[in-house]
Amino acid sequence: MDTEGTQDAQHTAAPPPGGTHRPDPTVPRPAAPPAAPATPPPPAAPPSVPAQAAKAAAAEPPVLRWLRTPRPAAAPGIWTYGHEPRPAEEPDRVPLRQLISGAVISFLCGWLLWSLLWNGYLGSYWLWPLLLLTPDSWREAGGDKMVYVWATYFYYGLFLVLLAVVFGRLGRWPELARRFLAPVLRRLRHRAPAAAPAPAADRAQWPELRAQGAPDAAEKLAEEARAGRMNDVDAARIERAWRSVRSGKNSVASFTDTVLRHGAAACAHPSGRRDLPRRTAHHDLLAHQVRIGTAADHPRNPYQHRGAGCALAPGVLGTSLLAVGPSGSGKTTRLVGPVVESMCLQALAGHSAVIAVGPAGSGLGPDEAFDVVVKIGRPDAECDLDLYGGTTDPDEAAGILAEALVGDLSEQLPGGDSRRAATALAQLLGPFRAARDRFPTVPELRELLDGVPSAVVALRTALEGAGEHTLLRELDARARQAERAGDVGVLLADRIALLDRPAFADFFDPMGGTRQVSLRALDHPLRVRIELPERGHAEASRILARLVLAQFTACAVARSDRSLFACLVLDEAAQTITAEALRGLQRLRSANAGAVLTLRSLDDVPDALRSGLLGAVGCRMAFAGVTTWDGARFAEVWGKEWVETRDVTDRQIIAEGAAMKAFHVFRHLITGKAATAKAVTVRTVERERWSASDLANSVPAGHAVLSVTSVQGEHAPPVLVDLRS
C-alpha cells in the first residue's frame, strides 16, 4: 500500500451543517492490514443475524459501498450519487400547518364521539348490530358468556377502526404519515445493512470483465477492493483502461496480465500518483462529478431540484462555464477549487487534462496535485511557458501571439480585428524561423518590431545566405509598412516590451534551454498549473492569460485524439475575452473540451461582447453580490416562464336588512374594520425566472444561481444553490 494513498484515505470532507457526520463515501479508505488470526474458543451460541450484518458492514471497505451505491439518471447538474428523485408534486398540496391542525381536530372529534358513545350519552343504538348478529343464548344465564365477551371486544375494535377510517380521511392522516413517516423510514432503511447484491449486478465484482473474457482480472480487482487496497481513482482508471480494450486499442490478454501483476495500481498515471495529497470537495469519479452545493428549498427552484445536490461534470463543462461575482463571494474556494480538484482526480484516472491558470497564491491547489507548475516571473520556477504554443507554423504562431498582445484592442485596430497584427508578426516570424530554425526570443522579437537596424540587417544577411528570396520579400514588406503612419508594429512593440522585463528574462526561451510546457500535449492526462505575475505586472499577466486562452482553444480543437476531456480553468478572466476568444469557446463544445471563466463583474468585458459571452457559454453562475446591471444581463439570457398568480381583493359587503346592518355596526365596533368579502383572481402570467433585482438583492451570502446545459443540449433552469452544504 503506498503511503500517499493512505494519507489521503484518512481525509474526510466536512459534513453539511446540521447533518450527521459520516465519512465521505467518495473517498475510499484503505483498511489496515489484518493481524494474524488467533484461534478463538467456539461460541456458546451463534451470533444473531443483525449482529453479523452489522459486523460485516463495519468491516466493509468504503470503496465497496461507493461502487455499489446506485446512480440513477437525473437532470443535468444534479448529484447522482445515491440520488433519490422526489415524488411528483401534487398541484393541490395542503400546507403543513393546515395539515397538522386538521389531523389534530379530526382526532379530537373522533375521541369525543367515542367517549359519548362509550358513556351512553348518545344511546345504545350503536350496539344494535352486535345484538342482532349474536345469539340470545350467549347473553342468557348459563350461556357461554366468554364467547359473548370476546365478540363484544371484537365489535368494539371494528367500531374503533371504522371511526379511525372516517376521521382519518377527514383529517388527511395518510398524507400526514407520508410527509413525516416516509422520510424517517427511508433514513432507517439506509442505516440498516443492505443485502448483498447479486453477483451479476454487483459492480464491486466487476461483472463486465467476467462476461467479456477477463474473469481472472475481475477476481483480482474484487480481492483488491475487499482488502481495502483500491480507491475510487483506481476503480475509475481501470474502468477506462477496460473501455480501451473494448474499443480495440488494447488486447484482453495484455489487460489481464497488467492487472494480475499490479492489482489496483495497474494502468497507473505516468506520474505514478494514485490520489491527491488532500481533498476539499465530494467527488464521484464513476459519474465524473464534483459536488459544489445543495439546491435550496426555495419557491423559485424547480420542484425536482429542491434539496438535491448540485454537481458539475465534463458533460456540462463541455459547454463552458462563466461565473460572475464580487471578491469574497466564493468563486475560487467554492467553485474553481473543487472543479480543479475534480479535473486533477480525473486526470489521474485517465479521463481528462486540466490547465489551471490564476494569480500566484489564488488557491488552485498544492504543487503536489499537479504534474507541472509554471510560476512565471518567479526565480524558483522549474518550468517555462512556450510563447508560440508548440507550433512550427509561423502563421499559426503569429495569430496566437497577436491575439495575446492586442486582442483586447481589436476594435481600435484597422479592420476591427487582429488580422493585421497577425500579418505583421508573420512577416517577421517566418523569415526568422527559416534563418535560425527557431522562433525569436522576446528581446529579439522586440528589436525586429522596433526596426533596430542591426537586427534587421543580420536577419536579411542570413536569409540571403540561405537563398530564401520569398521570405526576403516578406521582410521588405514589413519594412515598407513600418514607415507608414499608424503601423500596427509600433503597438506590437509596446506590448511585447511588457514581457521584455528583467523578471521574465529566464522565461519564454525558444532555444530549448529550459523545460517548456506546450498545450499541444492536451491529448495526454496532464495536470498543469500556471501562476500569473499579477502583482507588479498586471498588464503582462493579462497578456499571458489571453495567450493561454488562445493556445488552449487552438490546441484543443486541433487534437487528433479527443477521448480525453480538456479543461481550462481561468480564475479571473478580466480583459481576456475578445471576439476571437468567443469564437474559440464556441468550437470547444464539439472538441470534448471546455473552459471555466470567472469574473468580478461583466464590466471587465467590452460592452459589445457581454451578450455574446453569455450566449457562447452553456453554464452560467451568478454569485451573491452581483450588481443590478450584471443581474439584468443574466435575467435576459435566462428568459421568462409562465407562472400562476393569485390576486386577492376585498370588497365591502352591503347589508340589506336592519338586523344585518346592526351586526355589521357591532362587528365594526369590535374589530375596527368594515365587513368585507375577499375575491380571488387566478391568472397565468409570464415572469422572469430571476429578475435583476432578485439577483442583486435576494441571493443570500454563500449562495449562487446556477444554470447548466449539457453537450447533448439538455437544459436545466437556473437554480439557487447553497454552496456551503
For [Y], is there an ion pair with [X] - N to carboxylate O distance below 4.0 angstrom?
X: R229; Y: E224; answer: yes
X: R529; Y: E531; answer: yes
X: R527; Y: E341; answer: no
X: E382; Y: R515; answer: no
X: R226; Y: E219; answer: yes

H351: ring pair (Phe, Tyr, Trp, His ring centres under 6.0 Å) partners, not counting sequence neighbours: H288

Any donor-acceptor N or O pair under 3.5 Å, side chains [X], [Y]:
X: D571; Y: T332; value: yes
X: S251; Y: S254; value: yes
X: S518; Y: D386; value: no
X: D216; Y: T256; value: no

With sequence neighbours excluded, residues passing side-chain contact (heavy atoms from CB on, under 4.5 Å) with A545: L532, L570, T576

Aromatic Y303 / basic R86 pairing, under 6.0 angstrom, 45° off normal: yes

